[in-house]
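The block underneath contains the structure these notes are about, expressed in structure tokens.
Residues: numbered from 1 along the sequence shown.
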Amino acid sequence: MKAVGVQRFGGPEALEVFEVEEPHPGPGEIRIRVHAAAVNPTDTLFRNGTTSAEALKDRRPPYVPGMDVAGVVDEVGEGARQSVGDQVMAMTMPRSPLGGGYAEHVLVPTESATAIPKGASYAEAATLPMNGLTAQLSLDRLALEPGSTLAVTGAAGAYGGYTVQLGKARGLRVVADASPEDEPLVRRLGADVIVARGEGLALRIRQALPDGVDGLADGAVIGAPLLPAVRDGGTIVSVRRFGADSERGITVHNVMVSDYTREWDKLDELRRLADTGAVTLRVAHTYPPEGAPDAHRALEAGGVRGRLVIMFD
């Protein structure tokens, strides 16, 4: 079968198409014939070795990135909740023994997959699991009551967009950052208040909400400069290490989506929200497997709105 990976860690040009042996599921696992694999910023860190070189030093290449896929179940192990022929989306963990999602066939634990949303294409469904679960985890760590205020940075991105929409689904008042070009998109996602992104963001959030926000999800990885935007005793979640001491009793959580790898209920809740339109799926562009280097170049260049997706048709 085809898989996209690297023989040696490096830039986008390190990505190649390899022929590798097909895997087969064990107990509690399913095999997915992948039709679509999303491209995420975490994949670029895996490809260049930042998050993978040490973890995979005892494994043989190719090293295959990819954290979410959509396709059709074509083999099941004992105890699997899915059946052959089910259309599913799933989260994959490239540093685990099961490997990443850039491949024609992948194995995942049965708890890591659920049905694709109604009417969604494989490409659309592949954009939801990893970023959606990261947003779910972030909101669970924030633990805000309905009516509370939530700030989201990087709101036009995949994680940020899902956090805005999931926050609204939980009854929160959302203030989000956006460039002038992205403001219509962020407003469609449901933000109640939009402030200009960039330097001075915390001050602009305080001007919009003088008491400070109850919680903040830092999808733009801004870190310590955001502390003034949060009220005394509030909470921040960051998708990267925050890298600074807190202040004024503010709690900081660094969230790792691996904590929700097998949280089937959380993944299926995302599916239900997408069914109703409360969560929208955004595909920016699709690529064949041979185009994976171009997908990584485009992502690293910045400005992508929605997800880039590799198609294994």
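Remark: E16 pairs with no residue by the side chain to side chain donor-acceptor pair (under 3.5 Å) rule, at least two apart or across chains. Partners of R248 under the side-chain contact (heavy atoms from CB on, under 4.5 Å) rule, at least two apart in sequence or in another chain, are R206, D232, I250. Legend: residues meeting salt bridge (Lys or Arg N to Asp or Glu O under 4.0 Å) with E183, ordered by chain and number and at least two apart, are R187.
The list of side chain to side chain donor-acceptor pair (under 3.5 Å) pairs with a residue in residues 76-86, not counting sequence neighbours, reads Q82-T110. Contacts classified as side chain to side chain donor-acceptor pair (under 3.5 Å) and involving residues 209-231 (residues at least two apart or in different chains) are given here: T149-D214, T153-D218, D214-R231.
Heavy atoms of other residues, nucleotides or ligands lying less than 6.0 angstrom from CZ of R297 number more than 12.
Atom CD of Q87 sits about 12.0 Å away from atom CD1 of I32, to the nearest 0.5 Å. To the nearest 0.5 angstrom, L299 atom CG is 6.0 Å from T44 atom OG1. If you take CZ on R170 and CG on L142, they are separated by 9.0 Å, rounding to the nearest 0.5 Å.
The only member of N131, T127, N40 that meets side-chain hydrogen bond (donor to acceptor under 3.5 Å, both in side chains) when paired with D68 is N40.
At least one donor-acceptor pair under 3.5 Å links the side chain of R204 to the backbone N or O of E199. When atom types are taken as modelled, the side chain of E29 and the backbone of G26 share a donor-acceptor pair closer than 3.5 angstrom. In terms of modelled atom types and a separation under 3.5 Å, the side chain of T92 and the main chain of G66 share a donor-acceptor contact. Using a distance-only test at 3.5 Å, with no hydrogens or angles considered, no donor-acceptor pair links the side chain of R141 to the main chain of T235. Between the side chain of D192 and the backbone N or O of V174 there is at least one donor-acceptor pair closer than 3.5 Å. Although no hydrogens or angles enter the test, the distance criterion places a donor-acceptor pair under 3.5 Å between the side chain of D177 and the main chain of G154.
Transitive grouping of hydrophobic side chains (ILVMFWY, heavy atoms separated by less than 4.5 Å) brings I310 and L15 into a common cluster.
The residues R272 and D275 are annotated as not salt-bridged, no charged nitrogen and carboxylate oxygen being separated by less than 4.0 angstrom. A salt bridge does not link E75 to R33: none of the charged side-chain nitrogens sits closer than 4.0 Å to a carboxylate oxygen. Using a 4.0 Å cut-off between charged side-chain N and carboxylate O, R47 and D43 make no salt bridge.
Looking at L201 and V195, their side chains come closer than 4.5 Å, going by heavy atoms from C-beta outward. Between V64 and V4, every side-chain heavy-atom pair lies at or beyond the 4.5 Å cut-off. Put simply, the side chain of L281 reaches to within 4.5 Å of the side chain of Y162, judged on heavy atoms.
Side-chain atoms of R240 and N254 form no donor-acceptor pair, as typed in the model, at a separation below 3.5 Å.
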Practice task
Decide yes or no on side chain to side chain contact (heavy atoms under 4.5 Å, CB included) for T114 and V88, but give the supporting numbers first.
Solution key: CA-CA 5 Å; T114 194; V88 296; over 6 Å; no
Practice task
Step by step, work out the side chain to side chain contact (heavy atoms under 4.5 Å, CB included) result for I116 and E124.
Solution key: CA-CA 9 Å; I116 67 173; E124 290 168 337; over 6 Å; no
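Checked against the 6.0 Å centroid threshold, F46 and Y63 do not count as a close aromatic pair.
Through direct or indirect side-chain contacts shorter than 4.5 Å among Ile, Leu, Val, Met, Phe, Trp and Tyr, V309 is connected to V283, M311.
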